[in-house]
Amino acid sequence: MKKFMNFGVLTLLGMALTFGMTSCSDDDPDYSNVTPPTVELAKANISGMVTTIGGKPIAGAEVTAKLGNTTLSATTNADGEYTLEGLAENGTYTMTATASGKQSVTGSVTVNKGETAAWNTRLSNEATTVSVSQTEETSVEIVTETLENNEEAQVTTVTVIPAAAVEEGEEIIVTPVYSTDYVATKAATTKDFMVMGINISCSNPNAVLKAPIKLTFDLTDDVIAQIKPMKEVNGSWVEAEVTEEGEKVVFTVDAFTTYSLFINATLNQNASTEAISFVQAEYDNLYGASEMSVGTATYTYKMGSEIGQHSNLLGAYLAEILAQQMAGSTVKTVNGSYEINVTLPIGTALTLSGKQAVETTSIAAGSTTVSGKSYGKVSVTANTYNRQHNGGTN
């Protein structure tokens with residue numbers, strides 16, 4: 001009798017487990033083909049650095065981006081960095097950077113949803129204003145700004161203003177000029193590139209010079225042979241007549257305009273991309289126990305530009321031209337963020353990938369070449385999928 005009872009208990013227990021397992025299987029959802037959520041493209045950002053000509057950060061600079069009736073602004077931090085976040089409109093934004101004691105700079109950058117565009121700029125020192133004497137000449141000395149550790153490319157300029165060069169009460173304004181003539185083509189380009197210049201103007205825009213001004217650039221013999229003196233006439237550059245006094249190039253300033261030194265060189269550009277790194281690139285809820293919320297993804301990327309070494313004085317000047325083309329010579333690794341804002345049901349997952357545009361540029365004159373690399377736009381891709389690896393990508 002005891003053996004029969006034991007057998008009956010075991011039989012009933014086995015039947016209960018069988019019914020229980022069947023019941024759970026019937027109630028358990030099929031997570032193998034859950035529809036993955038769609039990740040919307042995040043709003044665009046613009047980020048970058050504002051530095052001096054030498055590459056030192058400018059804190060407190062104001063950066064604005066304008067498109068139509070939309071205007072966004074940001075202030076650079078102690079490292080000269082800024083970010084304009086949440087640009088709702090795709091398109092080309094007009095950018096402006098201003099800072100105390102510096103000349104303002106205007107440019108443009110194109111950005112679309114899902115991207116962080118790069119806009120870096122350098123601000124040079126503001127102009128020097130001179131009260132013109134009616135009885136004696138006045139002189140102004142300006143040393144051109146150069147990249148940090150590239151002081152050999154500095155040029156001392158002296159502007160000598162004769163007595164009564166303008167009417168009494170009018171002032172002469174002497175402004176250092178550094179080219180913003182960016183070459184956008186990726187093909188090899190040979191042309192005259194500005195190294196440095198001086199703009200001579202008057203507080204009275206309608207003033208006419210009553211006597212010529214003497215503008216001197218203090219150079220060296222080996223560089224003078226490479227230099228092409230030019231002046232701006234009606235918006236175009238034309239060759240200017242100069243005299244040489246030892247190792248000095250002397251302009252006779254007979255009109256209010258810009259007088260500059262150019263070097264003929266060949267610029268080469270190559271575009272590529274580099275992968276960016278995410279703090280967390282995968283969110284796996286394929287076999288989770290509940291829904292998973294994914295908010296903001298953080299990644300690292302590079303901001304700015306870097307210039308390689310050069311071996312001679314001509315290379316020092318080419319490095320300055322290259323810095324003008326790449327809008328700087330400072331590079332650093334920074335953090336970025338991308339808004340995901342989705343909920344992953346059980347049975348789904350999300351992966352992130354991203355790339356950054358990189359442009360390698362070289363400039364050559366004669367047998368001297370200098371190269372650099374600038375880091376540009378960042379784009380992020382989010383891919384969602386289920387256990388059968390079907391899903392959407394943004």
Side-chain angles (χ1 to χ4, degrees), residues 43-87 89 91-111 115-129 142 144-148 173 175-184 194 196-199 201 258 301-307 320-336 356-357 359 361 372 374-378:
K43 291 182 178 180
N45 302 321
I46 300 174
S47 67
M49 290 187 293
V50 180
T51 67
T52 64
I53 294 295
K56 294 182 179 180
I58 299 177
E62 292 293 324
V63 180
T64 61
K66 185 173 183 179
L67 176 63
N69 295 323
T70 300
T71 300
L72 297 175
S73 62
T75 302
T76 57
N77 61 18
D79 296 318
E81 302 168 8
Y82 74 91
T83 300
L84 295 165
E85 298 180 316
L87 281 71
E89 296 182 69
T92 299
Y93 286 77
T94 298
M95 306 294 297
T96 303
T98 59
S100 176
K102 301 293 183 181
Q103 299 179 47
S104 63
V105 169
T106 300
S108 64
V109 63
T110 300
V111 64
E115 299 176 341
T116 294
W119 189 73
N120 305 302
T121 191
R122 305 188 303 162
L123 303 184
S124 59
N125 291 333
E126 62 185 1
T128 300
T129 301
I142 294 177
T144 60
E145 299 175 80
T146 62
L147 300 173
E148 191 172 12
I173 303 168
T175 308
V177 176
Y178 304 90
S179 174
T180 56
D181 179 22
Y182 176 69
V183 177
M194 182 195 290
M196 70 205 70
I198 295 290
N199 177 268
S201 62
T258 302
Y301 67 105
K302 289 184 178 179
M303 179 185 292
S305 306
E306 53 191 346
I307 295 177
E320 295 299 321
I321 296 172
L322 199 58
Q324 294 164 11
Q325 291 294 312
M326 301 193 306
S329 62
T330 304
V331 67
K332 58 180 64 178
T333 300
V334 295
N335 292 326
Q356 181 170 24
E359 192 167 81
T361 307
S374 56
Y375 296 88
K377 186 177 297 183
V378 173

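Both backbone and side-chain heavy atoms feed into the values below; hydrogens, waters and symmetry mates do not. Positions are given from 1 along the sequence.
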Side-chain H-bond candidate by donor/acceptor type, N199 with T258, under 3.5 Å: yes
Measure the CE-OG1 distance between M49 and T121 for me, rounded to the nearest 0.5 Å. 11.0 Å
Atom NZ of residue position K102 - does it have more than 12 heavy atoms of other residues, nucleotides or ligands inside 6.0 Å? yes
Once you round to the nearest 0.5 Å, how far does CG of D79 lie from OH of Y82? 14.5 Å
Can you check side chain to side chain contact (heavy atoms under 4.5 Å, CB included) on V177 and I198, steps first, answer last? CA-CA 5 Å; V177 176; I198 295 290; over 6 Å; no
Rounded to the nearest 0.5 Å, what separation is found between the CD1 atom of I53 and the OG1 atom of T144? 10.0 Å
Please test Y375 against E359 for side chain to side chain donor-acceptor pair (under 3.5 Å), starting from the C-alpha separation and ending with a verdict. CA-CA 7 Å; Y375 296 88; E359 192 167 81; over 6 Å; no
Flag, side chain of K377 to backbone of T110, donor-acceptor distance under 3.5 Å: yes
Once you round to the nearest 0.5 Å, how far does CD of E320 lie from OG of S329? 8.0 Å
For K332, look at atom NZ and say whether over 12 heavy atoms of other residues, nucleotides or ligands are found less than 6.0 Å away. yes
Does the pair M303 and V331 meet the rule for a side chain to side chain contact (heavy atoms under 4.5 Å, CB included), with working shown? CA-CA 6 Å; M303 179 185 292; V331 67; over 6 Å; no
E62 and T98: CA distance, side-chain angles, deciding distance, side chain to side chain donor-acceptor pair (under 3.5 Å) verdict: CA-CA 5 Å; E62 292 293 324; T98 59; over 6 Å; no
Distance (rounded to the nearest 0.5 Å) between W119 CH2 and S47 OG: 12.5 Å
I need the M196 CE to E145 CD distance, nearest 0.5 Å. 12.0 Å
